[in-house]
Amino acid sequence: MAELTSLKLNAEQHLLLDQPLLRLPYELARKNFKTAQRHVEKSTSDLTSSLAQTTAGAAGGATPDQTLASLDAMLARAQTLKRKLEALHNEEKTIQRSQRARVQHLQDLHEIPSLADVKYDQWSKIRLDRMLVDHLLRQGYTESAKQLAKEKGIEDLVDVGEFIECGRIEDSLRKGETKDCLAWCAENKQALKKINSNLELELRLQQFIEMARSGEVKNLIDATMHARKYLGTQETEYGMRAGGLLANPGTTAIEPYKSMYAASRWDFLASLFIRTHHDIFSLPPRPLLHIALSAGLSALKTPSCHSAFASSSSNSSSSSTSVCPICSTELNELARNVPYAHHSKSYVENDPVVLPNGRIYGRERLMVLNEKIGTPEGKIRDPMDLGGEEFEETDIKKVFVM
């Protein structure tokens, strides 16, 4: 009975990591709808105003050619609106296709009765592929991510396009350009306002910094006008920082103005954009692969995992084939900040002893291993470090577990 209970699949717990799977398409669909709504409202207002003017002009004695020209202009605006709405409609269909695929993917999990079912292995493999694509996208390996998604047939389950756009804007910021990011801020103005983001203000301040950097009078005047337009009426802090920059040249050693003039500020803006982008679209700040690994690592981690001694994975002379995942060179750093596992039962060997290098073994097992590796009588060698120092048998000390 206990075995059947342990094999029962709890779908809700498995889906804790998959919440972003549905959130991003929802946010994209909402953004798409808001964009279409703005286009319709603006075009309706413009067309209504133009129609009223044309009607008044026709009644007031306008020539037929003038009336026809006004009508042609209104038709051109309507056709422009139609093209925009068609593009948004095609984008909406893509989002809906992705949503259907993701809902079905999650529904498949609820239809799997047991962890021992082969369908669960297949579903887990798809989730692992999704996490790998997500990790590759966050690391900037866009082409590899696209190829992996295409090969595994999971294009609708991953967010390649959105991460590509995010990476493009990030790269432009690191190159010292604000145009693309400001355009993105304009597209997502309401969402930025909702989360009280200061990204746009930081970008406007950076434009001010670049104007004031040279110290030329004309540039300083332009910078002042820029600050009055974008910084002076919104946040007092940014206006004061801009005023301080006017009094300090680009070569100043006074903080915080020295840091504001530094080239590293572009990296700060790029990081701020990424955080803001992920907040708006409900994306986790860390790769899903790291989150999943951290959860598993915390179940294995013990205080000895981060000792000063090399693990078998990094020791070329070690004969051990069993490598602790926490101690491995690949996962050691990732596991450093996760909590230790809670073990309610001890598995310490009988009669434990400690070697001079700090490693602990059961006395009986230690002696058997040294006999197998041919250690001289009266000497003891660490089985995990065969090329290391031999210790006197009298140097080992008994360990008392409290």
Side-chain angles (χ1 to χ4, degrees), residues 1-10 13-14 114-118 120-121 124-125 128 131-132 135 287 289-402:
M1 186 67 178
E3 183 178 356
L4 291 176
T5 303
S6 63
L7 291 177
K8 184 178 179 181
L9 190 149
N10 189 328
Q13 291 183 357
H14 279 68
S114 169
L115 295 172
D117 197 312
V118 66
Y120 176 71
D121 292 336
S124 298
K125 184 64 171 65
L128 177 59
M131 290 182 177
L132 290 173
H135 179 70
L289 183 63
H290 286 189
I291 297 174
L293 284 172
S294 296
L297 293 173
S298 65
L300 302 174
K301 183 179 176 181
T302 64
S304 62
C305 290
H306 285 91
S307 67
F309 303 104
S311 67
S312 58
S313 65
S314 59
N315 189 348
S316 59
S317 62
S318 173
S319 62
S320 172
T321 57
S322 60
V323 179
C324 168
I326 311 296
C327 298
S328 67
T329 54
E330 296 80 6
L331 299 177
N332 186 264
E333 193 61 32
L334 178 63
R336 187 172 298 278
N337 295 322
V338 303
Y340 293 116
H342 174 68
H343 297 287
S344 59
K345 183 177 179 180
S346 175
Y347 294 92
V348 177
E349 295 184 67
N350 293 328
D351 195 18
V353 294
V354 60
L355 295 176
N357 64 4
R359 287 183 174 162
I360 299 176
Y361 299 91
R363 181 185 291 274
E364 182 179 353
R365 186 168 71 97
L366 182 63
M367 296 304 178
V368 172
L369 289 172
N370 272 270
E371 183 178 349
K372 288 182 178 180
I373 61 180
T375 306
E377 186 175 354
K379 300 287 186 179
I380 293 294
R381 184 178 295 170
D382 185 350
M384 298 291 290
D385 188 12
L386 298 181
E389 180 182 359
E390 291 183 353
F391 306 108
E392 296 291 337
E393 190 173 339
T394 55
D395 290 337
I396 64 175
K397 298 180 181 179
K398 183 176 178 59
V399 175
F400 297 91
V401 179
M402 303 299 292

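Just so we're clear, the structure is a prediction, and the values are computed from it rather than from any experiment. All heavy atoms count here, side chains included; hydrogens, waters and symmetry mates do not. In this chain, residues are counted from 1 in sequence order.
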Discussion item. Under the criterion side chain to side chain contact (heavy atoms under 4.5 Å, CB included), I'd like the reasoning laid out for Val353 against Ile360: C-alpha separation, chi angles, the key distance, then a yes or no.
Written reply: CA-CA 6 Å; Val353 294; Ile360 299 176; over 6 Å; no
Discussion item. Using side chain to side chain contact (heavy atoms under 4.5 Å, CB included), reason through Ile396 and Arg363 one step at a time and then give a plain yes or no.
Written reply: CA-CA 9 Å; Ile396 64 175; Arg363 181 185 291 274; 3.7 Å; yes
Discussion item. Before you tell me yes or no, could you show the steps for Thr375 and Ile380 under side chain to side chain contact (heavy atoms under 4.5 Å, CB included), namely the whole-Å CA-CA distance, both residues' side-chain angles and the distance that decides it to 0.1 Å?
Written reply: CA-CA 7 Å; Thr375 306; Ile380 293 294; 5.7 Å; no
Practice prompt. Could you go through the side chain to side chain contact (heavy atoms under 4.5 Å, CB included) check for Leu9 and Ser114 one step at a time?
Written response: CA-CA 5 Å; Leu9 190 149; Ser114 169; 5.9 Å; no
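Residues forming a salt bridge (Lys or Arg N to Asp or Glu O under 4.0 Å) with Glu390 (at least two apart in sequence, or on another chain): Arg381. Glu371 pairs by the salt bridge (Lys or Arg N to Asp or Glu O under 4.0 Å) definition with nothing, not counting sequence neighbours. Listed by chain and residue number, nothing satisfies the ring-ring contact (aromatic ring centres under 6.0 Å, His included) test with Tyr361 (two or more places apart in sequence, or in another chain).
Around atom NZ of Lys372, no more than 12 heavy atoms belonging to other residues, nucleotides or ligands sit under 6.0 Å away.
How far CG of Leu293 is from CG of Leu334: 6.0 Å, rounded to the nearest 0.5 Å. To the nearest 0.5 Å, atom CG of residue Asp382 and atom CZ of residue Phe391 are 6.5 Å apart. The distance from the CZ atom of Arg336 to the OG atom of Ser294 is 13.5 Å, given to the nearest 0.5 Å.
Proximity of Glu393 to Met367: side-chain heavy atoms (C-beta onward) are separated by under 4.5 Å at one or more points. Contact check for Asp351 versus Glu364: no side-chain heavy atoms found under the 4.5 Å cut-off.
Remark: Glu392 engages Lys379 in a salt bridge, criterion side-chain N to carboxylate O under 4.0 Å.
Results of the side-chain contact (heavy atoms from CB on, under 4.5 Å) test with Pro383 over Ile373, Leu369, Val368 single out Leu369 as the only residue that passes.
At least one donor-acceptor pair under 3.5 Å links the side chain of Asn370 to the backbone N or O of Leu366.
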